[in-house]
There are 2 protein chains.
Amino acid sequence: MKKKITIKDIARAANVSIGTVDRVIHKRGKVSETALQKVNDALKELDYKPNPLARTLRNNVVYKINILIPNPAKDPYWVPCELGINAIIKEYEAFDIEISVLLFDPTKPESFSQIGNDLVEKGSDALLFVPLFEKESNFLLEKLNRKGILTGTFNSLPSKHVDHYVGHDLFLSGRVAAKLVSDFIQPSSRIGIIHINEAFNNAIHMRQKENGFRAYFKDHHVDCEILTKNINTSNVTEALRNFISEEKVNIFFVTTSKTYEVALALKQLNKKATVVGYDLLPENVSCLQNGEIQFLIHQAPRLQASLSLKSLVEKLLFNKEFPKKQLLPINIINSENIKSYL
Amino acid sequence: MKKKITIKDIARAANVSIGTVDRVIHKRGKVSETALQKVNDALKELDYKPNPLARTLRNNVVYKINILIPNPAKDPYWVPCELGINAIIKEYEAFDIEISVLLFDPTKPESFSQIGNDLVEKGSDALLFVPLFEKESNFLLEKLNRKGILTGTFNSLPSKHVDHYVGHDLFLSGRVAAKLVSDFIQPSSRIGIIHINEAFNNAIHMRQKENGFRAYFKDHHVDCEILTKNINTSNVTEALRNFISEEKVNIFFVTTSKTYEVALALKQLNKKATVVGYDLLPENVSCLQNGEIQFLIHQAPRLQASLSLKSLVEKLLFNKEFPKKQLLPINIINSENIKSYL
DNA sequence: AGAAAAAATGTGTACGTACACACTAAATAC
DNA sequence: GTATTTAGTGTGTACGTACACATTTTTTCT
C-alpha cells in the first residue's frame, strides 16, 4: 500500500526545500529558473496531487452558505426540496461549513428581493436559490457576481450568470408527456393542455412544456385537436369543471403539480379520461394509485436541491469541480414504480 | 462566522488537558470520575463533532479497495458499470485511497471464485463485487467477513452477510413492466415473457421479474394468456423466430438486456408487437427510437456501481454511514426521455 | 573590496486529531 | 520513612499544506 506523493517527496526529488516547492505550486515567484525546472519536472514525474484534506485543514475557515427557497408552507411542491437540503446539512455537519436556509413567499416577488438583498449585504461564500422570478433573480445574480459570491440555482431557468445550475429540460419533458399520451389517442380524441398557475410565477416553465408537447405531435404528424386552457383563478375546481363540460376533451396534460385538480374535477363529473401531469405530491400519488392519473413526471425537487447544495459544499471544502449546467433525467412514474420513489 | 468546536475548546471548558479529553472520547480509561463527568458535560454542552478531515489526515493510511466485476467485453451490460467506477476513482484520486478493478468472466463461476480468493489472500480494506453466482458469492462473503474486510455488492441479490448493497426491487420492476404493457392489451392479446440467458447465471433475477409481472395481472384480474419462453441457445434469433411464428403473441416482456433480439426477430418476420424490456444497450436504444420497443426499464448499472463504490470510499475516508440496503428507483424509459439519460 | 539591496531558499508554525511518552501526586509496600 | 507502584494528567509530535519569517546567496552600487 504505497503512500501518496506529498510536497515533501517533491522537495526531496527536486533537491530543494518544501518552501520552494510550495512557491512553485502557488506561483508566488521568487524561485530561480533552475529550481523551477527541477520542481516542475518532479511534480510531473511523480504525478503530485495536493491532499485536499490537509489543504482544507490548514486553510481553517468556516465557509458560509446561504440558501433561499420558496416557503413549503405556501406551496407543498417545495417540501421535498427542504428535506433534501436538511439531509445535506446533516451530512456535512462535522465539516467547517455553516448553512442557513431562508424562505420566501412564492407568490410575492418582493419577498424574494428583500431577503435576497439582505443576504447579499450580510455576505457569504455561496448563495443557492430558486430563481422563480426572472427579473428579480437576474438582479440578485448581478449583485452576487459583483461581490464575487459563488452562485447556484436549481429547478427554474438556467442563466449565463450563475455558476451552477441543476434542473430539467422542460421542453423535452413536454415531449415525454406527449409520447406517453400518444398511446391513448384514438381517432376521436381531443387533447387539453392545462396550465394551473394561481401565482402567475412560472409562466415560462409552463410554456416550455407546452411547446415540447406540441412539437412532438407536429413531428409525428398526429393530427389531433390540442386545446390550451389557462387557469389562474383561486377556484380551480370550478373552472376545470366548466372547461371539461364544455369541451369534449378526453386526454389531459397538466403542466404543474396541481394535476390532481383535473383528476378531481373529472371524478366529480363522473368522467373517465387520460391524465398526465407533474410531481409526486401526496394528492397526485393517491390519484395515480387509484388509476385517475396515468403518468406523472417526477421533477425530483429533493434531488435537485441536494445535488446543487452538495456541489457548492464540495466546491468550497475540497475545491471539487462541477458542471455549470446539470440536466437531470426525466422520470416517468406510473402506479407501480411510484413505490420505488417513496 | 463562528468556528467549529474542537477538542481544545472542550479541554478549556472542562478545565483539563486535551489529552484527557482525548481519552474520554476514545474511552481509553485512565480518567478520574470527576474529569470524566466534566468532559462529558462539555462534550454535550458544546455539541462536539470530531473533524473528519483532521482525523483522516492524522490516521495517515492509504486505504485499499478491490473491485470485482464481470468483464464488459463478455457482456456489454457491464460497460457503464466500469465507466461509473472509473469516474469515482478519478473523483477521489487526490485522497488516500487506492482502488483496483478486476474482471471475471460472467459465464464462468470458477473465474469469479479464483480471482475472489486471490483478493481475499492479498487483503484490503474493502471489497466491492457483483454477486452473479449465488453459491460462490456467499462463500467469498464468508471469508471476507472472517477477515473483517468491509464488503459491498450491487446489481444482484442482497445478502445478510454483506455490509452494503445497491440494487433494484426486481419483483417490483416486473410489476412495472406489467403496468406499462397493460395499456396495450386488447381482448385478443397474448403475452409472452421471454428469458434470454445464454450463460444460465441470472435465473433467479429473471424469475423474480416474471413473478412480479404475473402478480400484477393476477391482482388486476386481467385474464389474458401469458406464456413463458426460455432461450438458452446461442442462436437466439432463430429460436425467437420459431417462437413468434408458432405462438400468436403480440405483447412481449423480455427480462434481460437482450430485448433488441426480440425486436429484431419481429422485424425479420415483418410483424408488429408491443415490446418492453431492460437496459439501455445501444441496440435497445436504437430500437426504442425506431418504435420497435415501447419501453425499457433502466437498471442504471453505472449509477449502481458508482453509488456503491462511493459509499465504501466515504465510509473509509470520513467514516460516513450508509444504509445496509439501498434500492434505487425503477426508471421507465421511452423514446423521448431516453435523451435525458444518454 | 566592502556595504547594501535584491533574490532565492530554508525553517518554523498552525490547522485538529491521535497517540506515545513524560510527568505528578497519591497509594501501597517494605 | 523512603522506595515503588499506580492512577491520573499533561506535553510533544506527526499527518500535509500554506504562509510568515529567518537565513543564505547573489547581484548591484559606491
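Quick note on labels: first sequence line is chain A, next is B, and so on, each numbered from 1.
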Rounding to an integer number of Å, can you tell me how far B:Lys30 NZ sits from C:dA20 P?
11 Å
Within the structure, does a side-chain N or O atom of B:Asn60 lie under 4.0 Å from either OP1 or OP2 of D:dA14?
no
Check whether the side chains of A:Asn117 and A:Lys143 place a donor and an acceptor atom closer than 3.5 Å, and report yes or no.
yes
Is any side-chain nitrogen or oxygen of A:Thr20 closer than 4.0 Å to OP1 or OP2 of C:dA8?
no
Report the distance from atom CG of B:Asp9 to atom C1' of C:dT17, rounded to the nearest whole Å.
13 Å
Just by modelled atom types, is the B:Pro52 backbone N or O under 3.5 Å from a matching donor or acceptor in the B:Thr56 side chain?
yes
Which residue lies more 5' along DNA chain D, comparing B:Gly19 with A:Asp22 via nearest heavy atoms:
B:Gly19
I want to check one thing: is the phosphate of C:dT9, taken as OP1 and OP2, less than 4.0 Å away from some side-chain N or O of A:Ser32?
yes
Just the atom pairs and distances: protein N or O near nucleotides 22-28 of chain C's N or O, under 3.5 Å.
none

Give a yes/no on whether any side-chain N or O of A:Asn59 is located under 4.0 angstrom from OP1 or OP2 of D:dT17.
no
Using modelled atom types and a 3.5 Å cut-off, is there a donor and acceptor pairing between side-chain atoms of A:Lys324 and backbone atoms of A:Val162?
yes
Here the distance between atom C1' of D:dT17 and atom CD1 of A:Ile5, to the nearest Å, is 16 Å
Between P on C:dC19 and CD1 on B:Ile7, what's the gap in Å once rounded to a whole number?
11 Å
Would you say CD of B:Glu93 has more than 12 non-hydrogen atoms from neighbouring residues, nucleotides or ligands within 6.0 angstrom?
yes
Would you say A:Asn71's side chain and A:Ala73's backbone share a donor-acceptor pair under 3.5 angstrom?
yes
More than 12 foreign heavy atoms under 6.0 Å from NZ of A:Lys30: is that the case here?
no
Calculate the interatomic distance between B:Lys27 atom NZ and C:dC19 atom C1'; express it in whole Å.
17 Å
Measure CZ/B:Arg28 against P/C:dA18 and give the value in whole Å, please.
9 Å
Sub-3.5 Å donor-acceptor pair from the side chain of A:Ser32 to the main-chain atoms of A:Ala35, do we have one?
yes
In whole angstroms, how far is the P atom of D:dG10 from the CD1 atom of B:Ile18?
10 Å
Does A:Ser137 use its side chain to pair, donor to acceptor, with the backbone of A:Phe133 at less than 3.5 Å?
yes
Could you walk me through whether B:Phe112 and B:Phe129 pass the ring pair (Phe, Tyr, Trp, His ring centres under 6.0 Å) check?
CA-CA 10 Å; B:Phe112 172 84; B:Phe129 67 98; 5.8 Å; yes
Bend angle of the helix from C:dA1-D:dT30 to C:dC30-D:dG1, from helix axes over five pairs at each end, nearest 10°:
70°
Between B:Leu128 and B:Leu312 the two heavy atoms that sit nearest each other are CB-CD1, 3.8 Å
Below 4.0 angstrom, which residues in residues 45-57 of chain A have at least one non-hydrogen atom near DNA chain C?
A:Leu57
Hey, does the side chain of B:Gln304 reach the backbone of B:Gln299 with a donor-acceptor pair shorter than 3.5 angstrom?
yes
If you take all heavy atoms of B:Phe95 and A:Lys4, which pair is closest and at what distance?
O-NZ, 2.5 Å
Measure the distance from CZ on A:Arg12 to C1' on C:dG10 and round it to the nearest whole Å.
16 Å
Please determine whether a side-chain nitrogen or oxygen atom of B:Lys8 lies at a distance below 4.0 Å from atom OP1 or OP2 of C:dT17.
no
